[in-house]
Amino acid sequence: FPLFWFNMPAILKGWMDRVLVQGFAYDLSKVYDGGLLQGKLSLFSFTTGGGQEMYSKEGIGGDIRYVLWPMQHGIMHFCGVKVLEPHICYAPENVSEEKRKEMLAAWSQRLKTLWKEEPIDCSPEWYFK
């Protein structure tokens, strides 16, 4: 998805609101590592409008992990889903065609080994270190 106003697009958020409902995705007594969707994996793959430097600790947008906290931790991990390292293509519209091809090749390569990846820690320390 395209990162939109430091979040997922409204249509995707609406889908999550309608699908990841109490009783199916979570129960207030069973959340995070005890959530109802244990054993599932999630991966956020998205593009940004700004370059990687914009989403660094020193950048105007702050560390991209800060942006990911509510989506990966607050939605997916809350429901018990294990979260893989995100796949981010920074500012594809502002780079050369060659660089965009490299981004697609990197995504294609990652998909070949995706099931072998270990989930991130998904703790506050991972996001805010």
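Considering CD of Glu118 and CG of Leu41, their distance stands at 9.5 Å, rounded to 0.5 Å. Between the CD atom of Gln109 and the CG atom of Leu104 there is a distance of 13.5 Å, given to the nearest 0.5 Å. With values rounded to the nearest 0.5 angstrom, Lys82 atom NZ is found 16.0 Å from Leu43 atom CG. Atom-to-atom distance recorded for Arg18:CZ and Lys13:NZ is 10.0 Å, nearest 0.5 angstrom. Considering OH of Tyr32 and OH of Tyr26, their distance stands at 11.5 Å, rounded to 0.5 Å. Atoms NE2 and CD1, on His77 and Ile120 in that order, are 9.0 Å from each other to the nearest 0.5 Å.
A 4.5 Å side-chain heavy-atom check between Trp126 and Glu85 finds at least one atom pair inside the cut-off. Counting heavy atoms from C-beta outward, Met8 and Ile75 have side chains that approach closer than 4.5 Å. Lys30 has its side chain out of reach of Gln38: every pair of non-hydrogen atoms, C-beta onward, lies at least 4.5 Å apart. Looking at heavy atoms from C-beta onward, Tyr55 lies out of side-chain contact with Asp63 at the 4.5 angstrom threshold. No side-chain heavy atom of Met71 sits less than 4.5 Å from a side-chain heavy atom of Leu12. Counting heavy atoms from C-beta outward, Trp69 and Pro124 have side chains that approach closer than 4.5 Å. Here the side chains of Glu58 and Glu53 are not in contact, with every heavy-atom distance at 4.5 Å or above.
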How far apart are the C-alpha atoms of Asp121 and Lys129, what are their side-chain angles, what is the distance that settles it, and do they pass the side-chain contact (heavy atoms from CB on, under 4.5 Å) test? CA-CA 12 Å; Asp121 179 14; Lys129 59 179 163 179; over 6 Å; no

Kindly determine whether Tyr66 and Tyr127 satisfy ring pair (Phe, Tyr, Trp, His ring centres under 6.0 Å), including the steps that lead there. CA-CA 6 Å; Tyr66 304 164; Tyr127 292 95; 9.2 Å; no

Run Ser45 and Trp107 through side-chain contact (heavy atoms from CB on, under 4.5 Å) and show every step you take. CA-CA 9 Å; Ser45 174; Trp107 178 235; 3.7 Å; yes

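Hydrophobic clustering places Ile88 together with Phe44 (ILVMFWY residues linked when any side-chain heavy atoms are closer than 4.5 Å, directly or through intermediates). Following chains of ILVMFWY side-chain contacts shorter than 4.5 Å, one can reach Met76 starting from Phe6, so the two form part of one hydrophobic cluster. The same ILVMFWY cluster, assembled from side-chain heavy atoms under 4.5 Å apart, contains both Val83 and Phe128. Cluster annotation: Ile60 is connected to Ile64 through the hydrophobic network of ILVMFWY side chains, with a link wherever side-chain heavy atoms come within less than 4.5 Å. Phe46 and Met54 fall within a single hydrophobic cluster, where Ile, Leu, Val, Met, Phe, Trp and Tyr side chains are chained together by heavy-atom contacts under 4.5 Å.
Of all heavy-atom pairs spanning Pro2 and Thr47, the tightest one is CA-OG1, 3.5 Å. Between Asn7 and Phe1, the closest heavy-atom pair is O-CE1, 4.5 Å. The shortest non-hydrogen separation linking Cys79 to Leu20 is SG-CB, 4.4 Å. Of all non-hydrogen atoms in Ala91 and Gly51, the two that sit nearest each other are CB-N, 3.9 Å.
Heavy-atom neighbours of Glu98 CD from other residues, nucleotides or ligands within 6.0 Å: at or below the threshold of 12.
No hydrogens or angles considered: a donor-acceptor pair under 3.5 Å links the side chains of Ser123 and Glu125.
Under a 3.5 Å cut-off, the side chain of Glu117 and the backbone N or O of Thr113 do not form any donor-acceptor pair.
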